[in-house]
Every structure is written in structure tokens, then in C-alpha cells.
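Sequential numbering from 1 along the given sequence is applied to the chain's residues.
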Amino acid sequence: MPSTTLPDPCARPSARHAADTNERLARRRAAAKLGWLTHATVYALVNTLLLTVSLAGGRGWALFPLLGWGLGLAVHGAVVFLATGGAGIYDRMLRAERERIARQPGAGR
């Protein structure tokens, strides 16, 4: 179960708002990266099965779904990792995103 850190209820309202905004952004980014990791895992498992069936039948038809889906996976990865600036478990990703957001200029606004 992912651990959460709640914002300080005694903090200034603007600081609490910034902490809430940063938390939402960190969670969204970590979820996107975890989504890509799931996509890549399914891609590898399914295409291994398709290649096995294809090669057992003496044909190379599995190359087409491998390339097509691989292109989709590459685009998904580019959007997730290039758009967010930066693999592991959800907590590690979430912690990294929190740290990255806290270092950004204007993060306390």
C-alpha cells in the first residue's frame, strides 16, 4: 500500500494549496510512468507468445504486430518520460516526482 504524506494543516493557505497541487501532480506523473511500465510488460509477454506461435508454424507473421505495437509503446514512452522529465515501484516514482516538483522554481506558490 503506498504511503502518503499529508500537508501540514497549520501551514499558510498558499503553502497548503501548493503542497496539494504538487501532490496531485506527483501522483499523476507516477501513475503515468507505472502505466507505461504495465504497457511494456504486457507488450513483452504477448509478443513472446506471438513469436513462439509464429515460429512454431514456420512463418514470420508475428513481426507485424511486434513492430506496430512497438511503435505505439515507443510513442507512449516518449510522451510519459519526455513530457515529465524523467522505473520502479509506485512509491519510488511518487517520491521522485515529489522531490522533482519541490525543486522547481515557484513550487511554493
**Request:** Determine, step by step, whether Arg29 and Ile101 satisfy the side-chain contact (heavy atoms from CB on, under 4.5 Å) criterion, reporting the C-alpha distance in whole Å, the side-chain angles of both residues, the deciding distance to 0.1 Å, and the verdict.
**Result:** CA-CA 11 Å; Arg29 287 179 178 180; Ile101 291 167; 4.0 Å; yes
When the side chains of residues 59-77 are checked against the rest of the protein, which donor-acceptor pairs come out under 3.5 Å, sequence neighbours left out?
unit_1 : atom_1 : unit_2 : atom_2 : d
Trp69  : NE1    : His39  : NE2    : 2.9
His76  : ND1    : His39  : ND1    : 2.7

**Message:** As an exercise, state the distance from CZ of Arg98 to CG of Leu25, rounded to the nearest 0.5 Å.
**Reply:**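 It is 12.0 Å, given to the nearest 0.5 Å.
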**Message:** Just to verify, which of Thr41, Leu45, Val46, Asn47 counts as forming a side chain to side chain contact (heavy atoms under 4.5 Å, CB included) with Tyr43?
**Reply:**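 Exactly one option meets the side chain to side chain contact (heavy atoms under 4.5 Å, CB included) with Tyr43, and it is Asn47.
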**Whether Thr52 side chain and Thr48 backbone form a donor-acceptor pair below 3.5 Å** =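 Yes; at least one donor-acceptor contact below 3.5 Å.
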**Message:** Starting from Leu49, can I reach Val42 by hopping between I/L/V/M/F/W/Y residues whose side chains sit under 4.5 Å apart?
**Reply:**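 Same cluster.
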**Message:** Looking at Arg28 and Glu97, is there a salt bridge between them, counting it only when a charged N and a carboxylate O are closer than 4.0 Å?
**Reply:**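 Salt bridge absent between Glu97 and Arg28.
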